[in-house]
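To keep things clear, I will list the structure first and then write my remarks on it.
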Amino acid sequence: MQSKLDILLVNSMAPRQRIASDAALENSLATLRTYLEDKDFRAEIIDEQRISATEAGVPQWCLKLLQLIVRLQMKAYRLKVRFFWLILMLIGWPIQALSMHYRNQYLNGKIDDISQTVRDNNIHLLGIKVWYGDAFKWSKLLAAKVKSACPEVIIIAGGPQIKVYGEHVLHDTDFDVAIMGPGEEILEEMIVLDRQVNSKSEFLHRFHAEISQSRLVKSGIFQCGEAAATQQEQRYQHIIPRYRTVDLADKLLFHTLVDGVGCTWNKCNFCSHTRQAFYQPRPVQEIVKEFELMSRQGIGFFRFSSSETPVEHGRNIAQAILEKGLTVNYSMFVRGVKVTPEVYDAYCLLIQSGLRAVFMGGETGHDLINEKVMNKGIHQKELVDTINCIRLAATAVGKSCRIGLSLIYPTPVVDGVTLQDVFEENIRLIQATVPDTVIVNPPAVFPETNWMNNAVAFGFSIAPDFVYNLMQYEYSTYKPVELWGNLGFALQGKTTPELIKETGRLRSAITAMGIPTDISDECLMMTEATGYTTKADLLQFKNESLQDIMSGSNRYMREVIEKINAQGRRMANSKLHII
């Protein structure tokens, strides 16, 4: 690390892996560093979210014992042998507690190391990419320790947690500033300002006078008002990150690519993305250039970052990929649409260019609930027709494109509709589409959504400390109902554990249909490329990766990631159009 830095950027850490792609390349911090370096500033990244980091700090004997116990626990839970499962839980609890003790010691040591780095290098600005749950707790502890050791350091929070929770992230924390949206230009302004002042108090005074009156800085399409956001977007260029060798080491070589920001609909009652002012597509030539540069580094797998890639924009990207002769596989988020010959042709082109998985937010198969409760703007027919269109396009092209469907269940209901009605319509939707996986989420109430702003009308009862608790809760849909606490909210009389139990009822019904649940789109794409071609393969992937997550191990995922990385390098080095 250089002896003098303008800013240190840190990716927050959690004691447990959450999903299989946790160890993916850290594109957003690399993007910030690239932008700042191009402006002749000095920035460095500390990112410990790597394949081997899952087991760091825990003795091997403890990991192996946990692997065995977790395997038996999952088998007993699956077979509904409750008594044996409870015994195994009691046996496993002290081993899990010991493992978490070792992990927390390790994570606290990392905080001490970062604090020492800040102090030894006289760093004035510390940026933290903040995630949810235990990673949020870790970020808060890091900020507190750095503030104690180096009171003059300006601590800046950014990342997914701020985009969802906004100003709530600043409550009861030691973050001085939080950035909601692109941070490149704001960090540049902060570095310039830091070079002009002699103290933190002077910095903050001038920051609020010259850059932002609020500690929460909104940028890009998070700014209030489309005109302001458009003006900022016109002068803001998406930066293609330059990965260093250390950035690629011990990582899943899968790159998140910005194809656009926002959503063309942007009206869903439950969605935190409605904080964004409007949809902004990224120029196709920039996207293709990024594909090319990443391929030169041996990266062949990509995930589009926007919450929706419109069909026409996707078609234009696909056309450019094919014209360049690139060999890539990518996944993206899509929306159900009215299917036309043009939509079918677009999906044929997308799949031909390397689209291998899509994630579609269906929310529910019940049309009235989708209209009155979700405000989704689509009906079951559009969902079914779009999924069938993608399937027909894949068959016509002779390539695979896997489909992930997401649902929210249980949901608020309206007069004349019961929860059982919603359940049955969800099953009908799944029977009509037979997706490769279904992601089932319980209802969540996030700040600035219609569900939160009109909670009573939708049947939600929310305690004053609910948002604070939710930000720090280590969310896992696979956590047994018995282990969920009451988060401080209820839906039409059902408490948190009761809601989670109802979520599990739908998930179990889907699993009984032979459809694996809760596999992300990027995993669908990458496992397909490495030989996991059947639903049985996906079920194995889900079960084995879940065992890793529950036991704090990387035994299985390390093997899978090695295969994925090898295949990605072959694709990147291939001169063929498509693999």
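Basis for what follows: all heavy atoms, side chains included, without hydrogens, waters or symmetry-related copies.
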Give a yes or no on whether a salt bridge exists between [X] and [Y], defined as a side-chain N under 4.0 angstrom from a carboxylate O.
X	Y	result
Glu286	Lys289	no
Glu308	Arg335	no
Lys376	Glu363	yes
Lys501	Glu498	no
Arg16	Asp134	no

Looking at [Y], is its backbone amide N or carbonyl O close enough to the side chain of [X] to form a donor-acceptor pair, meaning the two atoms are under 3.5 Å apart?
X	Y	result
Asn329	Met526	no
Gln319	Leu349	no
Glu382	His379	yes
Lys251	Ala24	yes
Trp451	Val373	yes
Asn27	Thr256	yes
Ser331	Val358	no
Arg215	Phe175	yes
Asp259	Ser305	yes
Arg303	Tyr330	no

> Within a reach of under 6.0 Å around NZ of Lys535, are more than 12 heavy atoms found that belong to other residues, nucleotides or ligands?
Replying inline: yes

>> If you count every heavy atom of other residues, nucleotides or ligands that lies below 6.0 Å from Gln213 atom CD, does the total exceed 12?
In response: no

Nearest heavy-atom neighbours spanning [X] and [Y]:
X	Y	value
Gln49	Ala14	NE2-N, 4.4 Å
Val288	Ala320	CG2-CB, 3.3 Å
Leu253	Leu25	CD2-CD2, 4.1 Å
Val343	Cys389	CG1-SG, 4.1 Å
Ile515	Pro435	CG2-O, 3.5 Å
Leu491	Leu499	CB-CD2, 3.9 Å

How are the rings of [X] and [Y] set relative to one another: parallel (under 30°), tilted (30 to 60°) or perpendicular (over 60°)?
X	Y	value
His313	Tyr279	perpendicular
Phe458	Phe460	tilted
Phe302	Phe291	perpendicular

> Where do Tyr468 and Asp172 land on the side chain to side chain donor-acceptor pair (under 3.5 Å) test, with the steps shown first?
Replying inline: CA-CA 9 Å; Tyr468 179 80; Asp172 193 32; 3.1 Å; yes

>> Run the side chain to side chain contact (heavy atoms under 4.5 Å, CB included) test on Lys218 and Ile179 for me, step by step, so that the C-alpha distance in whole Å, both residues' side-chain angles and the decisive distance to 0.1 Å come before the verdict.
In response: CA-CA 6 Å; Lys218 296 181 180 180; Ile179 301 175; over 6 Å; no

>> Evaluate Asn370 against Gln380 for side chain to side chain contact (heavy atoms under 4.5 Å, CB included), listing each step before the verdict.
In response: CA-CA 9 Å; Asn370 247 347; Gln380 184 174 140; over 6 Å; no

Below 4.5 Å, heavy atoms only, C-beta onward: do [X] and [Y] meet side chain to side chain?
X	Y	result
Leu546	Asn543	no
Leu506	Phe423	yes
Val414	Ile369	yes
Cys263	His273	no
Phe254	Ile564	no
Thr309	Val334	no
Cys271	Thr449	no
Lys129	Ser28	yes

>> Before you tell me yes or no, could you show the steps for Glu292 and Leu326 under side chain to side chain contact (heavy atoms under 4.5 Å, CB included), namely the whole-Å CA-CA distance, both residues' side-chain angles and the distance that decides it to 0.1 Å?
In response: CA-CA 7 Å; Glu292 291 179 302; Leu326 299 176; 3.7 Å; yes

Gap between atom [atom2] of [Y] and atom [atom1] of [X] - 0.5 Å precision:
X	Y	atom1	atom2	value
Ile390	Ile403	CD1	CD1	5.0 Å
Met294	Ile240	CE	CD1	6.5 Å
Thr433	Leu383	OG1	CG	8.0 Å
Thr411	Asn269	OG1	CG	11.5 Å
Glu425	Leu368	CD	CG	10.5 Å
Leu538	Thr534	CG	OG1	7.0 Å

> Is there a side chain to side chain donor-acceptor pair (under 3.5 Å) between Thr437 and Asp518 once you walk through the steps?
Replying inline: CA-CA 6 Å; Thr437 186; Asp518 303 292; over 6 Å; no

>> Between Thr418 and Gln420, is the side chain to side chain donor-acceptor pair (under 3.5 Å) condition met? List the steps.
In response: CA-CA 5 Å; Thr418 67; Gln420 184 60 28; over 6 Å; no

Looking only at side-chain N and O atoms, does [Y] offer a donor or acceptor that is under 3.5 Å from a partner on [X]?
X	Y	value
Ser272	Lys163	no
Arg402	Thr527	yes
Glu290	His238	no

>> Going by ring-ring contact (aromatic ring centres under 6.0 Å, His included), Phe489 matches just one of Phe446, Phe466, Tyr473. Which one?
In response: Phe466

>> Go through it in stages, so that I can follow the logic: the residues are Val384 and Leu429, the test is side chain to side chain contact (heavy atoms under 4.5 Å, CB included), and I'd like the CA-CA distance, side-chain angles, deciding distance and then a yes or no.
In response: CA-CA 7 Å; Val384 173; Leu429 171 62; 3.9 Å; yes

>> Determine whether Trp265 and Asn375 satisfy the following criterion, side chain to side chain donor-acceptor pair (under 3.5 Å), listing intermediate values before the conclusion.
In response: CA-CA 10 Å; Trp265 177 248; Asn375 195 30; 5.1 Å; no

